Amino acid sequence: MNQESRELWSEHPIVGFDTETTGVDPVADRLVTASVVVVDASGVQKSYWLADPGVDIPLPAQNVHGISTEQARREGEPIRKVLDEVAQLLHVHMEQNHPIVAFNASFDFTLIEHELARHDLPTLAQRLGRPIGPVLDPFMLDKTVDKFRRGKRNLETVARFYGVWNADNFHNAEADVIVTLRVLGALLRRYPNVARESLEDLMTTQVETYTDMTNYFARKALENGREPDLHVGWPVAN
């Protein structure tokens, strides 16, 4: 193996991350479950948390992830404890420059940062002493390498496109992480040059792709008489 291939980021530990929540607003809604899956030379290590978010879980959210308010109160750990443990684990890997892989990463990292601040815990950015990263978002990477493909790009659709759909239990945080990592692997096999890019360059590229996407949706919203989304930014929304 030559020096270049030894230094590819894809040859080092990769960390999958996903959350399930009380709703679809990452600024206002609360964490219910989180999953972190570390893939390295020794194998796969999985960490999963069920939290009591301290608020009721609305029925639409329960229908997505299957966790009721009663179950969260009965079986969940205190939200402050869960948030701190998740943040500690992500922080350790970011400090070592291991990429955190999350599909639609802006949602998960925006939610985590607001939840940490809400519960008077140091945010990830505060723990790092710098902006969050490295982050790899297969949603953004897919839009980068195949910009003009038509159709939806949710996790299930993208997994089917890359041939890694396996009738998974979607909207379970751990299952979503596993599928997200499969999508990343399939994308790298199809576009091997992505693995040759530095993580710093990939972060820049993903921000540019996200900005192009949100600008497009903002124009469409205004054309249709709607207000554009105020919470934009990647990997953390403003």
Side-chain angles (χ1 to χ4, degrees), residues 15-37 46-95 98-137 139-140 155 171-174 176-177 180 203 206-207 210 214 227-238:
V15 183
F17 172 53
D18 188 54
T19 63
E20 297 295 341
T21 66
T22 59
V24 297
D25 183 344
V27 172
D29 282 309
R30 310 300 179 90
L31 181 74
V32 178
T33 71
S35 178
V36 174
V37 177
K46 300 178 181 179
S47 300
Y48 175 82
W49 295 263
L50 170 60
D52 175 359
V55 299
D56 289 346
I57 302 172
L59 185 58
Q62 293 182 38
N63 290 339
V64 170
H65 52 62
I67 306 295
S68 66
T69 302
E70 292 72 22
Q71 181 183 356
R73 289 174 178 167
R74 182 176 66 250
E75 301 174 13
E77 296 185 285
I79 183 61
R80 204 169 186 275
K81 176 177 183 290
V82 170
L83 287 166
D84 196 43
E85 289 180 359
V86 172
Q88 285 181 29
L89 184 54
L90 294 175
H91 174 219
V92 165
H93 285 285
M94 287 184 178
E95 280 283 283
H98 299 159
I100 311 299
V101 182
F103 196 92
N104 193 19
S106 182
F107 180 90
D108 298 289
F109 283 108
T110 301
L111 180 119
I112 284 292
E113 291 294 82
H114 279 84
E115 275 281 69
L116 288 165
R118 184 178 291 119
H119 290 88
D120 296 317
L121 292 165
T123 65
L124 276 168
Q126 289 169 341
R127 292 167 198 245
L128 289 163
R130 59 172 173 80
I132 287 176
V135 174
L136 294 177
D137 183 345
F139 178 37
M140 290 298 105
L155 180 55
H171 302 301
N172 167 292
E174 186 173 286
D176 284 1
V177 172
T180 297
M203 288 286 290
Q206 290 172 105
V207 170
Y210 179 89
T214 53
E227 288 295 321
D229 190 351
L230 296 177
H231 302 306
V232 296
W234 187 97
V236 179
N238 300 320

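All values derive from a computational prediction rather than experimental measurement. Atoms considered below: every heavy atom in the structure, side chains included; atoms not considered: hydrogens, waters and symmetry mates.
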Practice task
Take Asp108 and Ile112 through the side chain to side chain contact (heavy atoms under 4.5 Å, CB included) test and state the conclusion after the steps.
Solution key: CA-CA 6 Å; Asp108 298 289; Ile112 284 292; 5.6 Å; no
Problem - Qualifying residues under side chain to side chain donor-acceptor pair (under 3.5 Å), relative to Thr180, sequence neighbours excluded - result: none
Fill in the blank from the handout: In short, Ala51 meets Val82 closest at the heavy-atom pair CB-CG2, 3.8 Å
Completion exercise
salt bridge (Lys or Arg N to Asp or Glu O under 4.0 Å) pairs touching residues 55-75, sequence neighbours excluded, are Asp56-Arg73
Sequence neighbours excluded and cut-off under 3.5 Å, please list the side-chain donor-acceptor pairs for residues 229-236, or say none.
unit_1: Asp229; atom_1: OD1; unit_2: His231; atom_2: N; d: 2.9
unit_1: His231; atom_1: ND1; unit_2: Asn238; atom_2: O; d: 3.4
unit_1: Trp234; atom_1: NE1; unit_2: Asp137; atom_2: OD2; d: 3.1

Handout entry: CD on Gln62 to CD on Glu20, rounded to 0.5 Å
Key = 13.0 Å
Practice task
For side chain to side chain contact (heavy atoms under 4.5 Å, CB included), just list the numbers for Glu77 and Leu50, CA-CA rounded to whole Å, side-chain angles, deciding distance to a tenth of an Å, and then say yes or no.
Solution key: CA-CA 6 Å; Glu77 296 185 285; Leu50 170 60; over 6 Å; no
Fill in the blank from the handout: Closest heavy-atom pair, Pro122 versus Gln126, reported as atoms and distance to 0.1 Å, is CA-OE1, 3.3 Å
Exercise for the section: List the steps and the verdict of side chain to side chain contact (heavy atoms under 4.5 Å, CB included) for Gln206 and Leu136. Expected result: CA-CA 8 Å; Gln206 290 172 105; Leu136 294 177; 3.9 Å; yes
Fill in the blank from the handout: Quick note, ring pair (Phe, Tyr, Trp, His ring centres under 6.0 Å) partners involving residues 103-134, not counting sequence neighbours, are Phe17-Phe109, Phe103-Phe139
Exercise for the section: Using the side chain to side chain contact (heavy atoms under 4.5 Å, CB included) rule, take Val15 and Val101 through it: C-alpha gap first, then chi angles, then the decisive distance, then the call. Expected result: CA-CA 6 Å; Val15 183; Val101 182; over 6 Å; no
Exercise for the section: Quick one: pull up OG1 in Thr123 and CG in Leu83 and give me the separation to the nearest 0.5 Å. Expected result: 12.0 Å
Handout entry: Heavy-atom pair of closest approach, residues Leu111 and Thr19
Key = CD2-OG1, 4.4 Å
Let me check something: any side-chain donor-acceptor pairs from residues 27-35 under 3.5 Å, sequence neighbours excluded? List them with distances.
unit_1: Asp29; atom_1: OD1; unit_2: Thr22; atom_2: OG1; d: 3.1
unit_1: Asp29; atom_1: OD2; unit_2: Val24; atom_2: N; d: 3.1
unit_1: Asp29; atom_1: OD2; unit_2: Asp25; atom_2: N; d: 2.8

Problem - Backbone N/O of Ala125 and side chain of Glu113: donor-acceptor pair under 3.5 Å - result: yes
Exercise for the section: Please name the pair of heavy atoms, one in Thr21 and one in Gly23, separated by the smallest distance, quoted to 0.1 Å. Expected result: OG1-O, 2.6 Å
Problem - Distance (rounded to the nearest 0.5 Å) between Arg80 CZ and Arg118 CZ - result: 13.5 Å
Practice task
Decide yes or no for Ile79 and Glu115: does some side-chain heavy atom of the first lie under 4.5 Å from some side-chain heavy atom of the second?
Solution key: yes
Problem - Nearest atoms (heavy-atom pairs only) where Ala105 meets Val135 - result: CB-CG1, 3.8 Å
Fill in the blank from the handout: So side-chain hydrogen bond (donor to acceptor under 3.5 Å, both in side chains) across residues 85-94, not counting sequence neighbours, yields Trp49-Glu85, Lys81-Glu85, Asp84-Gln88, His93-His98
Completion exercise
Heavy-atom closest pair (Leu128 atom, Ile132 atom, distance to 0.1 Å) is CD1-CA, 4.0 Å
Problem - Spatial distance of atom CG (Leu116) from atom CZ (Arg127) [nearest 0.5 Å] - result: 5.5 Å
